[in-house]
Amino acid sequence: MSATGDGVTILPESECWELLKSVALGRLVTSVDGRPEIFPVNFVVQRRTVLFRTAEGTKLISTAINNHVVFEADEHNVAEGWSVIVKGVARTLRTEEQLAEAERAQLLTWTASAKTHYVRIIPEMVTGRRFRFDVPRPEDPAW
């Protein structure tokens, strides 16, 4: 870990993956019609990749056409927070072997719609930061 002195700590990649494993909701950023688009997705980490399910539609099409994506997950409480960003390539899983492995992850959908497609984000870069939130004190001029 590398602290920057302003309450921000740069995280090693191994800790980034551990933090990603600890949450189930993240955001997929892709491009639709040449414009950035963001989608909330529930996910799991499997073999240091991000795996999510989706239905037919914009999310699936955009990851096929513009397969370079960004994924972000985070968590916070009143004292601190963290954010992990995965930049990588999205691949729709198609072979029986790929689908069988994805099924073993037991990734359940959160909505009633059928999400029959698995997408795996293969990372090219993983970065993370931990933030310490300072509570203003009465003696601070900005308080």
Side-chain angles (χ1 to χ4, degrees), residues 1-94 98-143:
M1 279 192 271
S2 169
T4 62
D6 59 356
V8 178
T9 302
I10 308 300
L11 302 175
E13 187 173 331
S14 59
E15 186 172 350
C16 291
W17 286 111
E18 290 304 313
L19 289 168
L20 284 175
K21 288 179 190 177
S22 74
V23 295
L25 183 66
R27 285 158 294 285
L28 172 72
V29 181
T30 185
S31 180
V32 177
D33 294 328
R35 301 187 71 118
E37 190 71 41
I38 190 164
F39 301 96
V41 294
N42 65 303
F43 74 99
V44 296
V45 170
Q46 189 179 52
R47 293 184 301 103
R48 286 196 173 208
T49 66
V50 174
L51 179 68
F52 66 93
R53 292 172 75 161
T54 188
E56 298 281 337
T58 305
K59 195 181 328 171
L60 183 63
I61 292 168
S62 69
T63 57
I65 294 171
N66 309 296
N67 65 348
H68 288 275
V69 299
V70 176
F71 179 84
E72 190 267 349
D74 56 38
E75 190 169 65
H76 72 280
N77 58 38
V78 297
E80 67 178 13
W82 59 263
S83 171
V84 172
I85 295 174
V86 178
K87 295 179 182 178
V89 177
R91 299 275 188 241
T92 302
L93 305 185
R94 299 187 189 282
Q98 291 171 333
L99 294 170
E101 180 183 28
E103 285 290 332
R104 286 192 293 275
Q106 299 180 344
L107 175 59
L108 303 175
T109 61
W110 284 9
T111 60
S113 61
K115 298 193 177 193
T116 58
H117 301 277
Y118 283 98
V119 177
R120 185 178 305 282
I121 301 173
I122 301 161
E124 294 175 333
M125 180 183 300
V126 178
T127 59
R129 289 174 173 67
R130 186 177 301 279
F131 307 95
R132 187 188 75 245
F133 305 142
D134 285 331
V135 178
R137 296 176 301 264
E139 62 271 13
D140 289 341
W143 191 77

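Since we're looking at a predicted model, the values are computed, not measured.
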| said: One pair to check against side chain to side chain contact (heavy atoms under 4.5 Å, CB included): Thr30 and Lys59. What are the steps and the verdict? | reply: CA-CA 8 Å; Thr30 185; Lys59 195 181 328 171; 6.0 Å; no
Measure the shortest side-chain to side-chain distance between [X] and [Y] over non-hydrogen atoms and say whether it is less than 4.5 angstrom.
X	Y	answer
His68	Val89	yes
Val69	Ile121	yes
His117	Glu56	yes
Ser14	Arg48	yes
Thr54	Val119	yes

| task | List in chain and number order the residues that pass side-chain contact (heavy atoms from CB on, under 4.5 Å) with Arg35, two or more places apart in sequence or in another chain; answer none if no residue qualifies. | result | none
| Neighbour count >12 (heavy atoms, 6.0 Å) for atom CD, Gln106 | no
| said: Can you tell me if Asp33 has over 12 outside heavy atoms packed within less than 6.0 Å of its CG? | reply: no
| message | Could you walk me through whether Glu72 and Arg27 satisfy the salt bridge (charged side-chain N to carboxylate O under 4.0 Å, His left out) test, starting with their C-alpha distance in whole Å, then the side-chain angles of each, then the deciding distance to 0.1 Å, before giving a yes or no? | response | CA-CA 5 Å; Glu72 190 267 349; Arg27 285 158 294 285; 2.4 Å; yes
First locate atom [atom1] of [X], then atom [atom2] of [Y], and finally report the distance between them rounded to the nearest 0.5 Å.
X	Y	atom1	atom2	result
Leu99	Arg104	CG	CZ	10.5 Å
Leu93	Glu101	CG	CD	8.0 Å
Leu25	Asn42	CG	CG	7.0 Å
Thr127	Lys87	OG1	NZ	6.5 Å
Leu28	Ile38	CG	CD1	8.0 Å
His76	Trp82	NE2	CH2	12.0 Å

| query | Quick check, are the ring centers of Phe43 and Phe71 under 6.0 angstrom apart? | reply | yes
| request: Determine, stepwise, if the pair Glu37 / Phe39 fulfils side chain to side chain contact (heavy atoms under 4.5 Å, CB included). | output: CA-CA 7 Å; Glu37 190 71 41; Phe39 301 96; 3.3 Å; yes
Kindly say whether [Y] contributes a backbone atom to a donor-acceptor pair with the side chain of [X] at under 3.5 angstrom?
X	Y	value
Arg91	Ile122	no
Glu15	Leu11	no
Asn66	Ser31	yes

| task | List the steps and the verdict of side chain to side chain contact (heavy atoms under 4.5 Å, CB included) for Asp74 and Val84. | result | CA-CA 6 Å; Asp74 56 38; Val84 172; over 6 Å; no
| message | If you compare all heavy atoms of Val32 against all heavy atoms of Ser62, which two are closest, and at what distance to 0.1 Å? | response | CG2-CB, 3.8 Å
| message | Is there a side chain to side chain contact (heavy atoms under 4.5 Å, CB included) between Trp17 and Ser22? Walk through the geometry before answering. | response | CA-CA 9 Å; Trp17 286 111; Ser22 74; over 6 Å; no
Scan side-chain atoms only and decide if [X] and [Y] contain a donor-acceptor pair under the 3.5 Å cut-off.
X	Y	answer
Arg120	Gln46	yes
Arg129	Ser83	no
Gln98	Tyr118	no

